[in-house]
Amino acid sequence: MIIYIDGKFYPEEEAKISVFDHGLLYGDGVFEGIRAYEGRVFKLEEHLARLEDSAKAILLKLPWSRDEIREAVLETCQRNKIQSGYLRLVVTRGKGYLGLSPDRCKKPTLIIIATDLELYPEKYYREGLKVVTGATWRQSPASLDPGIKSLNYLNNILAKIEGQQAGAQEVILLNSQGLVSECSGDNIFFLRNGVLVTPKLSSGALNGITRTTVLEIAREAGWETREDDVRRYDLFTCEEMFLTGTGAEIVPVVEVDGRIVGDGKPGKKTSDLMKRYRKLVTTTGTKIPA
Ligand code: PXG
């Protein structure tokens with residue numbers, strides 16, 4: 001594996017950053033997870049735009065242009081001979097010293113990893129996932145806005161552990177109002193009375209790129225869609241449910257907090273969306289130069 005760090009490429013064993021990098025010391029930084037399919041990077045511009053927005057929100061001035069980052073991503077794919085795979089972009093505040101203040105961080109660090117990754121085993125796409133609600137709430141936008149894809153993922157990780165301890169594959173996070181926001185690393189969708197519903201972004205959900213894509217696909221197919229306030233009750237009584245994320249794509253859910261979703265099998269509309277999504281990821285995207 002060849003890793004990109006600040007304009008240079010290193011073999012995995014030599015890809016190292018300082019222990020004084022504030023990304024490590026304080027989780028001070030932002031990131032993106034991107035997928036490549038059959039020689040194309042899916043939704044690259046959307047991911048780069050979100051990276052820029054996340055950086056801006058934490059007052060981290062990116063010293064690289066959009067073009068420079070795009071080129072670095074594509075070159076990392078080339079060097080790793082990645083046709084289909086997972087790309088991780090990490091921007092940290094950079095090397096500083098002990099102490100919270102970023103003053104001593106003179107320049108941000110950009111890391112790009114290109115690898116293969118399967119988020120959920122194939123079986124879950126056929127049979128569906130089991131999810132539970134965690135006791136840990138989604139952090140409030142008044143503390144760290146969930147719209148920022150920051151390196152501070154402890155909120156999500158603590159919830160994830162609760163889910164695992166309960167024997168579930170993913171965990172639902174509620175916000176301080178008790179409304180459903182999202183899962184630890186995926187957005188939530190469900191069908192109720194034939195309408196495709198997902199929690200509003202104001203619930204504390206990340207503005208997922210797969211979420212936006214699924215809403216677009218559904219609208220193009222003529223389905224009614226809604227971004228709404230969502231209670232657990234809505235999930236307990238829905239017809240179909242699924243999660244979305246770059247890594248997970250669209251993954252069906254068949255059990256929520258012990259309640260069986262629909263007939264306990266992945267729903268028809270979910271399967272239909274999975275097919276449409278698959279077609280989109282393999283026919284669009286930024287070409288990786290040969
Ligand atoms: N919510 C959260 C909190 C996320 O981190 C999503 C939703 C889905 O967003 P996209 O843009 O991917 O449709 C994410 C992103 C992993 C992993 O390796 C997954 C994500 C982030 C970080 C790590 O499991 N999903």
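Side chains included, hydrogens not; waters and symmetry mates left out as well; all remaining heavy atoms used. In each ligand, atom 1 is the first atom listed, and ligand 1 is the first ligand listed. FYI, the numbering just counts along the sequence from 1.
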I'd like to know if [X] pairs up with [Y] as an ion pair, taking the criterion as any Lys NZ or Arg NE/NH1/NH2 lying under 4.0 Å from an Asp or Glu carboxylate oxygen.
X	Y	value
E249	R35	yes
E32	R50	yes
D257	R232	yes
E45	R66	yes
D272	K268	no
E227	R219	yes

Within less than 4.0 angstrom of ligand 1, does E32 place any heavy atom?
->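 E32 does not count as a contact of ligand 1 under the 4.0 Å cut-off.
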May I ask whether S184 has any heavy atom positioned less than 4.0 angstrom from an atom of ligand 1?
->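 The answer is yes, since S184 has a heavy atom less than 4.0 Å from ligand 1.
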Return a yes/no value for [X]: is any of its N or O atoms, backbone included, closer than 3.5 angstrom to an N or O of ligand 1?
X	value
G185	yes
Y153	yes
K149	yes
R138	no

Derivation of the salt bridge (Lys or Arg N to Asp or Glu O under 4.0 Å) call for E75 and R70 = CA-CA 9 Å; E75 193 177 344; R70 186 192 307 108; over 6 Å; no
Starting from atom 12 (O) of ligand 1, locate the nearest protein heavy atom and write down its residue, its atom name and how far away it is, to 0.1 Å.
->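 Answer, as residue, atom name and distance: T246 OG1, 2.5 Å.
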Closest approach of any protein heavy atom to atom 23 (C) of ligand 1, naming residue and atom =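 The closest heavy atom on the protein side is R88 NH2, 3.5 Å.
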Within reach of ligand 1, part of L206 (heavy-atom separation under 4.0 Å) | side chain
Could you tell me which atoms of ligand 1, counted from 1 in the order shown, lie closer than 4.0 angstrom to a heavy atom of Y86?
->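 Contacts of ligand 1 toward Y86, numbered from 1: 18 (O).
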Numbering the atoms of ligand 1 from 1, which are under 4.0 Å from a heavy atom of E182?
-> 1 (N), 2 (C), 3 (C), 7 (C)
